[in-house]
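In what follows, every chain begins at residue 1, and chains take the letters A, B, ... in the order their sequences are listed. Please read all numbers here as calculations on a predicted model, not as lab measurements.
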Amino acid sequence: MKTTRRSLLALALAAGTAFGTMSAPALADAQNLAIDLVNEPSSLDPHMQWNPDSYYVYRNIFDNLVTRDNNGEIAPQIATEWERPADTEMVFTIRDDVTFHDGSPLTAEDVVYSVKRITNPDFGSPQISQFSVITNAEALDDTHVKLTTSSPYPALLAQLAKLSIVPAAVVEEMGGEAFNLAPVGSGPYSFGSWTRGVEVTLNRNDDYWGDKGPFETATFRAVPDASTRIADLQSGAADLVVSLDPDLAAQLAGSGGVEARPVLTERVGYLKLNPQRPSMSDLKMRQAIAYAIDRDLIVEGLSGGFDKPVQQMLTPAHVGWVEGFEGTGYNPEKAKALVKELGDAAKVELQFATAPVFDQRVVQALQQMLTEVGLNVRIEMTDMATYLGKARGEPSEGPEMSFGRWSCACQDADGVLYPLLHSGSSWSAVRDPEIDAGLEAARVELDPEARLAEYGKVHEYVATEIPLVPLYQASVFYGVNESLVWAPTSNESLFLNRMEWSE
Amino acid sequence: MGAFLAKRLAQAVISVLGVTALIFFLQRLTGDPVLLMVPETATQESIDALRTKLGFDRSVWVQFLEYMSGVLRLDFGQSIVQNVPVLDIIQSRLPYTLRLAAGALVLALGVGLPLGVFMAVKRNHILSKLGMGLVLAGQSLPTFWSGLLLILLFAVTLGWLPASGAREPSSLLLPALTLSLLTMATFARVARTAVLDELSKLYVRAARAKGLPLGRVVTRHVLRNSAIPVISIAALEIANLLSGAVIVETVFAWPGLGLLTVQSIAARDFPIVQAVVLLGAMVSIALNLAADLLYSQVDPRIRLDGAR
Amino acid sequence: MAASFISRMAPPRLRIFYAILAIFVVVALFAPWIAPENPNSQNLLGRLKPPGSDVRGITYWIGSDELGRDLLSRVIYGARVSLMVAVLSVVGSGLVGTSLGMIAGYYRGVTGTVIMRLVDIVLSVPAILLAIITVAIMGPGLVNVVIVLAFTRWPRYARVAYGQTLGLMSLPYVRLSQTMGAAGPWVIRRHILPNIIGPIMVVVTLEIGLMVLFEAGLSFLGLGVQPPTPSWGAILSSGRNYMTTAWWIAIFPGLCLFTLILSVNVLGDHVRDMVEKRR
């Protein structure tokens, strides 16, 4: 008895002090920027993996032909200009003043090598399908490269903003495995060291041709637990932390010297309905679900208004966004009426697949909204690998509904609507030749207006047939030391040379 | 003794092979990593191509035979996700887990043993009861919460210790303390029981009857004689510490094998999980064997032919 | 006899822990009648309200959670889930482990060797890792968590049951019933089981608190019961995100978890003392 009371007291004391005021963190080291990621990069060979933690790091080591400026527009990088001599050809003019970190010059041959490396099926890059439309790359002279595509491809530049240029000679000499451990690029930061599991350090490239980085070094660490990332930021051990949700970000409000910075991304939160399941094959069921969802309440209630409700399966950051498009909207009375009409068919238990990486508050709120109009929804949360297996498996065996947050990292409708709706894609539960034809036409349409019109038809289709319920444009929150001048951008990159300390 | 060891070693080999097979087939039931590795926009053809390249299109038995033949040649393969030999990765992470486990063990022993001895000698002293209450309390909190409380107190509010990572020597303190809370009570208990057992023996009573002070009897004889059960329990507790390290390493971003394994299971990086489990199994079997040998040393009534 | 048993098992200083345990069991059994609200009913406009708040006629006695659900009701239902997971997984692993251990000890030979090697194999994989892998296969959820915990923990019982059974085999009455032609299952039930139940109960007292912690740990890793099912571990691990903004979400389930496990541990400690003294 006595012992319990005492130990409870000790605990309460510990907790009490923890909730007390917090002092502002001091900058541990102004010459170093310390960043907390979620996981460590899996590999720093920019062609060998596809995950955000590697992406944050290697984007600073390598340049691309083109990049995106802070407004999200395509901007020159290694290529200063480009033209389209034919519908399936693009010629890029390459800068002649760029050197790799080992001192060798970056030439048209390196660009050709990089393109051929990532598009070579034998190399087996996980990213190959983003570039597989490129059939040939050739150096016309020292500063001109011609890319040929199998069909006209309006999203080519958007994809090339992610194709890192690697030094041909170094990669060939080191071999892939060694290159992955000690990458050589031409970017504003060069690879310093990688203490496996602990941190990756990058050094400033003082010979960089463009804007040089403000920090001598930058360290990226893996801190999987979000609460620990917040503690690192508050105690000054980290200057920048990624992947906070709005509620976690709110914790930073009370502590001095640090703040949360949200930004709207190109991610779309959505609900995928599976018409290949008997219970979902009735349009009335899908309509009932669409009408039951109050996007504004989710956005206002859960994200503090930082997310933005969308009625089409895109965000304003995408090519293909149709301004002013109206979708189904929120109408609980209509939803209830539809459920009543469905009768017994509406009582079936609907599986709702999700994974821990998604915002569980949103998923549970959706379940509640569907329950309120009389549907019977069961959440099936599994880890990411299992979730993907279900979401990309044969739809007739898959779950009735799944939650997702889509990003193609290309800000183009082709990277969103084609995989989600085209019958040839494993994500799609839609089997409709008409929509397939529309998506194929839009994919190769070079005229922007005609292309937008095609996507307008797709949005119309989604709103009437309801294979998807677009929910909101998702925001992400970074935790940042206040003296860091940096505005996060919608493409979720951490470009070190676009940051600086205040004063 | 030699025959006993030979038999135990043979059993150990069978167990290690069994663990390897168990984990291999369990993991293959969880799917494969290919879908996690590709972008959302990847086409089915490129997914299939990657699957073929990584060898996941073959039958599980072929994959198993290939893996086992590698293991027999001490080739543990490449990490699928990181594209680096598994042994290199394990080598760089193992020291951290060892440091964490050692730190936790030192703390648990340092607090648990004196407390246990004190409890045995002064059974009804208020400090005995308070101490045992405290260590039992420590055992009653999930580490993912007690760890966070410690971070908020020592790293955020007081600013004395780093919240995460392994950059400074002092980084070890918080995770080791969190982990040690799990086993402190066990050590206190074992030490108390062992000392009580010794105290009831004839020689202690004889010494006391001769007028030797209790403190001296304890420090001279009792402690030494009760050390062995404590050591053998310590050997077994190391296995528990390694298990507890999984969550503690996640909370504190401590770059050891526990964190590596959790991430590798999530990423379906099979060769890493396989190697970590194999290593863990060998350690656990070795510790068990060591504990048994120690027991037989202290108590000749336990014969080493396995039939107690 | 009965009175002395009670005073041995429940000396006055320990009665408070029995009382705590009893309260938790009652709360768990009668959760639907005790809980003031539906534990899953949300109000997104009443999120993160401190204890004592009134929103739309509902009083949040110990506050509301991140979805505006009544935390008190969730903690009450959470008692049900957490205790159920602990009890069912201990019963499951105890039954399987004890039976297999007794069979291995009684028949020895090939059966015994196979069973005990299996015990070694499962024991030599860190339990939490085995649990994570099996949850990845079966998917999370209350039933699966129980199955996974039973699957990972049965060897603890098997090992104790095996050792104890071996010790009993040389006793005269066991040998006698064997030579008189009694069937194995009968001897096991009649002579072995009653004699090893004490040491098995010691394992049970150690395991039950651990199972509550394991369930919480799985929830922390996103592998516990399915949302929105409330378990103390699940509420606590989401409450970690609100330690400085809405402390009540973590503190209340945390305290419940703490007092429950502490009571089980203190009482278990006492039971072990009793068993050790008898030897």
What option among [options] has the most heavy-atom pairs under 4.5 Å with chain B?
| options | value |
| --- | --- |
| C/V212, C/L210, C/V125, C/L206 | C/V125 |
| C/D120, C/L236, C/L123, C/L257 | C/L236 |
| C/G254, C/G209, C/A127 | C/G254 |
| C/S263, C/A250, C/G239 | C/A250 |

Under 4.5 Å from any heavy atom of chain C, what part of [X] do you find: side chain, backbone, both or neither?
| X | answer |
| --- | --- |
| B/V19 | both |
| B/S243 | both |
| B/L26 | both |
| B/L22 | side chain |
| B/T143 | neither |

Q: Just jot down the side chain to side chain contact (heavy atoms under 4.5 Å, CB included) partners of C/L213, sequence neighbours excluded, or say none.
A: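 By the side chain to side chain contact (heavy atoms under 4.5 Å, CB included) rule, C/L213 matches B/P142, C/I261.
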Output the distance between atom [atom1] ([X]) and atom [atom2] ([Y]), rounded to the nearest 0.5 Å.
| X | Y | atom1 | atom2 | result |
| --- | --- | --- | --- | --- |
| C/F258 | B/S146 | CZ | OG | 10.5 Å |
| C/I128 | B/T261 | CD1 | OG1 | 11.5 Å |
| C/D269 | B/R192 | CG | CZ | 6.0 Å |
| B/L148 | C/M243 | CG | CE | 5.0 Å |

What are the two closest non-hydrogen atoms of [X] and [Y], and how far apart are they?
| X | Y | result |
| --- | --- | --- |
| B/I23 | C/L130 | CD1-CD1, 4.1 Å |
| C/R240 | B/F144 | NE-O, 2.8 Å |
| C/L262 | B/G133 | CD1-O, 4.4 Å |
| B/I285 | C/S124 | CG1-CB, 4.3 Å |
| B/T30 | C/A136 | CG2-CB, 4.0 Å |

Q. Pairs in or reaching into residues 201-211 of chain C: which pass side chain to side chain donor-acceptor pair (under 3.5 Å), with residues at least two apart or in two chains?
A. C/R153-C/E207
Q. How about B/Q11 and C/T113: do any of their side-chain heavy atoms sit closer than 4.5 Å?
A.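 No, side chains not in contact.
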Q.
So B/Q27 and C/I137, do their side chains get closer than 4.5 Å, heavy atoms only?
A.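 No, too far: nothing below the 4.5 Å cut-off.
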Q.
So, using side-chain hydrogen bond (donor to acceptor under 3.5 Å, both in side chains) as the criterion, who are the partners of C/S231 when residues are at least two apart?
A.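 Counting only residues at least two positions away or on another chain, C/S231 forms a side-chain hydrogen bond (donor to acceptor under 3.5 Å, both in side chains) with C/E215.
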Q: Start with the C-alpha distance between B/V273 and C/I133, add both sets of side-chain angles, then the distance that settles side-chain contact (heavy atoms from CB on, under 4.5 Å), and finish with yes or no.
A: CA-CA 10 Å; B/V273 179; C/I133 295 175; 4.1 Å; yes
Q. Which residues, numbered in order, of residues 217-226 of chain C come under 4.5 angstrom of chain B by heavy-atom distance?
A.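 Result: C/G217, C/F220, C/L221.
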